[in-house]
Chemist: 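The structure under discussion is supplied below as structure tokens; questions concerning it will follow.
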Amino acid sequence: MKRDVVLLIDADVDTASVVGSAATLINFDVRFARTARSLFQLIQNGLADVAVIVLDVDPGVHGMAALEALDAWGPAPPVIVLSSLEEAHLHPVATAHGAKDCLGKPVSLARLKTALAKCVGVPEAPGCRCDVWGHPCDGCIRHRTAPNERALAFAGEKN
């Protein structure tokens with residue numbers, strides 16, 4: 001069976017939206033488990049089509065207990081933990097319990113897409129490396145012009 005599903009566990013509306021968008025960007029579907037009971041039923045029935053699990057560890061399903069259950073279950077899909085708790089403190093705890101990554105909320109679409117792509121083996125396309133001040137880079141498609149044209153274009157943007 002093709003493993004093309006992101007299983008999202010106990011997420012709020014904002015998290016569900018960003019996970020759905022990130023999954024779409026890598027051509028995956030999203031399935032939801034909103035309660036601990038539904039999660040354990042899914043585990044019992046098997047997760048053959050699930051490529052990666054995104055677990056929101058904020059109150060609700062008791063995220064860390066769910067993470068421990070997935071870790072104890074055996075060969076489970078990779079898990080990405082999302083939480084509004086301090087990422088620096090939660091990351092070592094989550095990875096010690098089997099998570100592949102731990103991201104603090106609010107999580108950006110780009111960061112979540114990168115984490116999902118790493119877990120499912122989708123190669124990441126090179127992105128633009130323009131800096132935050134608008135200086136064009138040498139490698140992105142939008143600015144792939146001859147150096148003189150780039151300098152002229154940049155000077156024209158200032159005027």
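What's counted below: heavy atoms across the whole structure, side chains too, no hydrogens, waters or symmetry copies. What you are looking at is a predicted structure, and each value in this text was computed from that prediction instead of being measured.
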Chemist: Can you list the steps and then say if Leu39 with Arg34 is a side-chain contact (heavy atoms from CB on, under 4.5 Å)?
Modeler: CA-CA 8 Å; Leu39 169 62; Arg34 301 199 194 290; over 6 Å; no
Chemist: In Å, rounded to the nearest 0.5 Å, how long is the span from CG of Leu42 to CZ of Phe32?
Modeler: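 It comes to 12.5 Å.
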Chemist: Report yes if the side chains of Leu8 and Ile53 come closer than 4.5 Å at any heavy-atom pair, otherwise no.
Modeler: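 Leu8 vs Ile53: side chains apart.
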Chemist: Side chains of Asn27 and Asp4, heavy atoms from C-beta outward: is any pair under 4.5 Å?
Modeler: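 No. Closest side-chain heavy atoms not under 4.5 Å.
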Chemist: Take Lys113 and Ile26, measure what side-chain contact (heavy atoms from CB on, under 4.5 Å) needs, and give me the verdict at the end.
Modeler: CA-CA 7 Å; Lys113 178 188 170 260; Ile26 61 169; 4.1 Å; yes
Chemist: State, yes or no, whether a side-chain contact exists between Phe28 and Leu116 at a heavy-atom distance under 4.5 Å.
Modeler: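 With C-beta onward as the side chain, the pair stays apart.
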Chemist: Do Val54 and Leu7 make a side-chain contact, defined as non-hydrogen atoms from C-beta onward lying under 4.5 Å apart?
Modeler: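 The answer is no; the side chains never approach within 4.5 Å.
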Chemist: Strictly distance-based, threshold 3.5 Å: is any side-chain N or O of Ser21 a donor or acceptor partner for the main-chain N or O of Ser17?
Modeler: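 Yes, the answer is positive, given that a donor and an acceptor are paired below the 3.5 Å cut-off.
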Chemist: Do the non-hydrogen side-chain atoms of Val79 and Leu67 ever get within less than 4.5 Å of each other?
Modeler: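 In contact.
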Chemist: Is Thr114 close to Leu112 at the side-chain level, that is, under 4.5 Å between some pair of heavy atoms?
Modeler: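 Leu112 does not reach Thr114 side chain to side chain.
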Chemist: Compare all side-chain heavy atoms of Leu82 with those of Val19 and state whether any distance is below 4.5 angstrom.
Modeler: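 In contact.
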Chemist: Could you list the donor-acceptor pairs under 3.5 angstrom formed by side chains in residues 93-106, with sequence neighbours left out?
Modeler:
{"residue": "Thr95", "atom": "OG1", "partner": "His91", "partner atom": "O", "Å": "2.9"}
{"residue": "Thr95", "atom": "OG1", "partner": "Pro92", "partner atom": "O", "Å": "3.3"}
{"residue": "His97", "atom": "ND1", "partner": "Val93", "partner atom": "O", "Å": "2.8"}
{"residue": "His97", "atom": "NE2", "partner": "Glu68", "partner atom": "OE2", "Å": "3.3"}
{"residue": "Lys105", "atom": "NZ", "partner": "Asp12", "partner atom": "OD2", "Å": "2.8"}
{"residue": "Lys105", "atom": "NZ", "partner": "Thr15", "partner atom": "OG1", "Å": "3.4"}
{"residue": "Lys105", "atom": "NZ", "partner": "Asp56", "partner atom": "OD1", "Å": "3.3"}
{"residue": "Lys105", "atom": "NZ", "partner": "Asp56", "partner atom": "OD2", "Å": "2.9"}
{"residue": "Lys105", "atom": "NZ", "partner": "Asp58", "partner atom": "OD2", "Å": "2.8"}

Chemist: To the nearest 0.5 Å, tell me how far Leu85 CG sits from Glu87 CD.
Modeler: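 Between atom CG of Leu85 and atom CD of Glu87 there are 11.0 Å.
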Chemist: Kindly indicate whether the side chain of Val52, heavy atoms from C-beta on, has any atom under 4.5 Å from the side chain of Ile80.
Modeler: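 A side-chain contact exists here, since the closest heavy-atom pair is under 4.5 Å.
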